*Asks:* 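Pasting in a structure now, in structure tokens, and then I'll have a few things to ask.
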Amino acid sequence: MWFGVITLFPPMLDAVTKYGVSSRAVKLGKLAVEGINPRDFTHDKHRTVDDRPFGGGPGMVMLAQPLLDAVAEAKKRAGGAAKVIYLSPQGSPLTQERVKALVSEERLVLLAGRYEGIDERAIEMVVDEEISIGDYVLSGGELPAMVLIDAVARLLPGVLNDEQSAEQDSFVDGLLDCPHYTRPEVFEGRAVPDVLMSGHHEQIRRWRLKQALARTSERRPDLLKDRVLSKEEKKLLDEYQREKSA
Ligand SMILES: Nc1nonc1C(=O)NCC1CCCCC1
């Protein structure tokens with residue numbers, strides 16, 4: 001999968017190309033990430049990429065022309081059709097469902113804005129979709145772009161050693177993740193739950209599912225609203241709620 005990221009700070013992309021699971025995807029040839037700097041598509045001496053907002057107000061707005069030319073270059077490098085996604089708080093929320101759908105795109109261009117935003121005409125002319133990673137304001141779209149790349153990279157076939165760990169990740173089955181423990185068995189007087197030491201795989205599976213259901217109902221009841229529970233999940237959640245009120 002190929003990503004062209006339109007950014008004033010291409011070196012930031014090292015965070016996904018040189019470290020962690022996404023860097024493994026790059027090494028395996030399953031992921032490519034190219035930074036394309038709009039400043040390289042300016043035609044004035046000062047390589048201007050922004051200007052003051054019409055109508056007044058604080059800050060600066062990114063000029064449309066360098067962005068459009070950078071997107072055109074990205075599409076050329078993509079070597080085929082590529083959707084353009086603009087990362088901004090005005091976008092639709094990035095969810096695991098959306099991530100899973102994006103995995104089937106062969107090429108994507110991600111537009112990372114800076115300053116107060118980008119000229120609206122650039123959005124009208126080249127942006128296919130706006131995506132938000134959350135309801136807060138960052139200083140640029142690069143980190144959101146890398147969040148999207150990381151979330152997609154983990155799902156590329158053969159990237160994660162144990163396919164299961166992707167399956168067990170939170171939000172993959174619509175529940176929050178269960179607690180995890182490793183050595184030592186007792187840390188600062190706190191012991192690992194007995195069931196995890198029992199070697200009973202079926203009991204461990206049920207315990208983990210119950211913990212995931214309990215956590216989700218406590219911390220993110222909204223996720224349970226849209227989720228159909230299996231018979232077993234209903235039973236475990238009822239069990240948890242009875243134990244809680246006992
Ligand atoms: N939240 C977000 N989700 O996706 N992007 C986000 C963001 O906060 N982006 C920063 C702004 C900064 C000014 C230009 C446009 C992007």
Side-chain angles (χ1 to χ4, degrees), residues 1-17 19-22 31 33-42 46-75 82-103 105 107-155 169-171 220 222-223:
M1 188 165 177
W2 182 88
F3 284 94
V5 183
I6 311 299
T7 169
L8 293 174
F9 306 118
M12 282 182 75
L13 300 174
D14 287 1
V16 286
T17 56
Y19 305 93
V21 166
S22 46
L31 175 71
V33 181
E34 281 189 49
I36 296 143
N37 191 336
R39 210 175 284 282
D40 296 338
F41 299 87
T42 54
H46 300 292
R47 294 163 52 88
T48 310
V49 289
D50 62 316
D51 207 334
R52 293 186 313 286
F54 281 122
M60 304 291 270
V61 175
M62 293 186 82
L63 294 162
Q65 174 270 314
L67 290 172
L68 294 190
D69 291 351
V71 168
E73 172 65 17
K75 288 186 169 183
K83 275 198 189 113
V84 179
I85 295 175
Y86 177 45
L87 288 305
S88 91
Q90 287 71 46
S92 46
L94 181 65
T95 62
Q96 192 65 20
E97 283 313 302
R98 189 75 196 102
V99 169
K100 282 195 283 190
L102 289 172
V103 173
E105 298 288 341
R107 297 163 292 271
L108 283 174
V109 176
L110 305 182
L111 188 40
R114 281 272 157 177
Y115 308 105
E116 296 306 308
I118 70 176
D119 189 300
E120 190 64 15
R121 289 157 301 180
I123 297 174
E124 288 165 6
M125 291 168 73
V126 295
V127 170
D128 299 303
E129 182 179 357
E130 272 191 76
I131 288 181
S132 167
I133 64 164
D135 295 333
Y136 37 79
V137 181
L138 302 168
S139 34
E142 286 81 7
L143 290 174
M146 289 189 272
V147 162
L148 188 152
I149 292 170
D150 183 273
V152 167
R154 302 172 51 73
L155 299 184
D169 271 3
S170 313
F171 292 88
R220 291 293 306 275
D222 56 300
L223 293 178

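What you see is a predicted model; the values in this text were computed from it and never measured. Below, all heavy atoms of this structure are taken into account, side chains as well, without hydrogens, waters or symmetry copies. Each ligand, and each atom within it, is numbered from 1 in the order the structure gives.
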*Asks:* What is the distance from atom CD1 of Ile85 to atom CD1 of Ile131, rounded to the nearest 0.5 Å?
*Replies:*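 The distance works out to 4.0 Å.
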
*Asks:* Which residue supplies the protein heavy atom nearest to atom 7 (C) of ligand 1, what is that atom called, and how far is it?
*Replies:*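 Checking every protein heavy atom, the shortest distance to atom 7 (C) of ligand 1 gives Pro89 CD, 3.6 Å.
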
*Asks:* Starting from atom 4 (O) of ligand 1, locate the nearest protein heavy atom and write down its residue, its atom name and how far away it is, to 0.1 Å.
*Replies:*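 Its nearest protein heavy-atom neighbour is Ser88 N, 3.4 Å.
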
*Asks:* Using a strict 4.0 Å cut-off to heavy atoms of Tyr86, name the atoms of ligand 1 that fall inside it.
*Replies:*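 Selected atoms, number and element: 14 (C), 15 (C).
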
*Asks:* Is there any N or O on Tyr115 that sits under 3.5 Å from an N or O of ligand 1?
*Replies:*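 N/O-N/O distance below 3.5 Å does not exist for this pair.
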
*Asks:* Does Glu129 pair with Arg98 as a salt bridge, N-O distance under 4.0 Å?
*Replies:*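 Looking at Glu129 and Arg98, the cut-off is met.
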
*Asks:* Among all protein heavy atoms, pick out the one at the shortest distance from atom 9 (N) of ligand 1; state its residue, atom name and that distance to 0.1 Å.
*Replies:*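 Residue, atom and distance for the closest contact: Gly140 O, 3.8 Å.
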
*Asks:* Work out whether the distance between some heavy atom of Gly91 and some atom of ligand 1 is less than 4.0 Å.
*Replies:*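 No, that is not the case, since the closest heavy atom of the residue is not under 4.0 Å from the ligand.
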
*Asks:* Is the shortest N/O to N/O distance between Ile133 and ligand 1 below 3.5 Å?
*Replies:*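 For ligand 1, there is an N or O atom that lies under 3.5 Å from one belonging to Ile133.
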
*Asks:* With rounding to the nearest 0.5 angstrom, report the CD to CH2 distance, Glu105 to Trp2.
*Replies:*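 Here the interatomic distance stands at 13.0 Å.
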
*Asks:* Quick one: which ligand 1 atoms are inside 4.0 Å of a heavy atom on Gly117?
*Replies:*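 Every atom of ligand 1 under 4.0 Å from some heavy atom of Gly117: 13 (C), 14 (C).
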
*Asks:* Give, for atom CD of Glu34 and atom CD of Glu73, the distance between the pair rounded to the nearest 0.5 Å.
*Replies:*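 Rounded to the nearest 0.5 Å, the CD-CD separation comes out at 8.5 Å.
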
*Asks:* Please collect all side-chain hydrogen bond (donor to acceptor under 3.5 Å, both in side chains) contacts where either partner lies in residues 138-147, sequence neighbours excluded, each pair once.
*Replies:*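 For residues 138-147, and leaving out neighbouring residues, the side-chain hydrogen bond (donor to acceptor under 3.5 Å, both in side chains) pairs sorted by first residue read Thr7-Glu142, Arg114-Glu142.
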
*Asks:* Rounded to the nearest 0.5 Å, what's the gap from CG on Asp150 to CG on Leu31? Could you check?
*Replies:*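 Reported value, rounded in 0.5 Å steps: 9.5 Å.
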
*Asks:* When rounded to the nearest 0.5 angstrom, what is the spacing between CG in Leu102 and CD1 in Ile149?
*Replies:*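 Leu102 CG to Ile149 CD1: 11.0 Å, rounded to 0.5 Å.
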
*Asks:* Could you check which of Ile85, Val61, Ile131, Leu87 puts a non-hydrogen atom nearest to atom 16 (C) of ligand 1?
*Replies:*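 Heavy atom nearest to atom 16 (C) of ligand 1 belongs to Leu87.
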
*Asks:* Which ligand 1 atoms are under 4.0 Å away from a heavy-atom of Val137?
*Replies:*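 So the answer, numbered in order with elements, is 8 (O).
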
*Asks:* Would you say the side-chain atoms of Glu97 and Thr95 include a donor-acceptor pair closer than 3.5 Å?
*Replies:*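 Glu97 vs Thr95: no donor-acceptor pair found between side chains.
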
*Asks:* Could you pull out all residues at least two apart from Val127 that satisfy side-chain contact (heavy atoms from CB on, under 4.5 Å)?
*Replies:*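 Val127 satisfies side-chain contact (heavy atoms from CB on, under 4.5 Å) with Val84, Tyr86, Leu111, Ile123, Glu130 only.
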
*Asks:* So is there a nitrogen or oxygen of Pro144 less than 3.5 Å from a nitrogen or oxygen in ligand 1?
*Replies:*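 Between Pro144 and ligand 1 (N or O atoms, distance only) the closest approach is not under 3.5 Å.
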
*Asks:* Report the nearest protein non-hydrogen atom to atom 1 (N) of ligand 1: residue, atom name, distance rounded to 0.1 Å.
*Replies:*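 Minimum-distance protein heavy atom for atom 1 (N) of ligand 1 reads Tyr136 O, 2.8 Å.
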
*Asks:* Where is the nearest protein heavy atom to atom 8 (O) of ligand 1: which residue, which atom, and how far?
*Replies:*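 Checked against all protein heavy atoms, atom 8 (O) of ligand 1 sits closest to Leu138 N, 2.8 Å.
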
*Asks:* Applying a 4.0 Å heavy-atom criterion (strictly less than), which segment of Arg114 is in contact with ligand 1: side chain, backbone, both, or neither?
*Replies:*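 It is the backbone that gets close, since no side chain atom is under 4.0 Å.
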
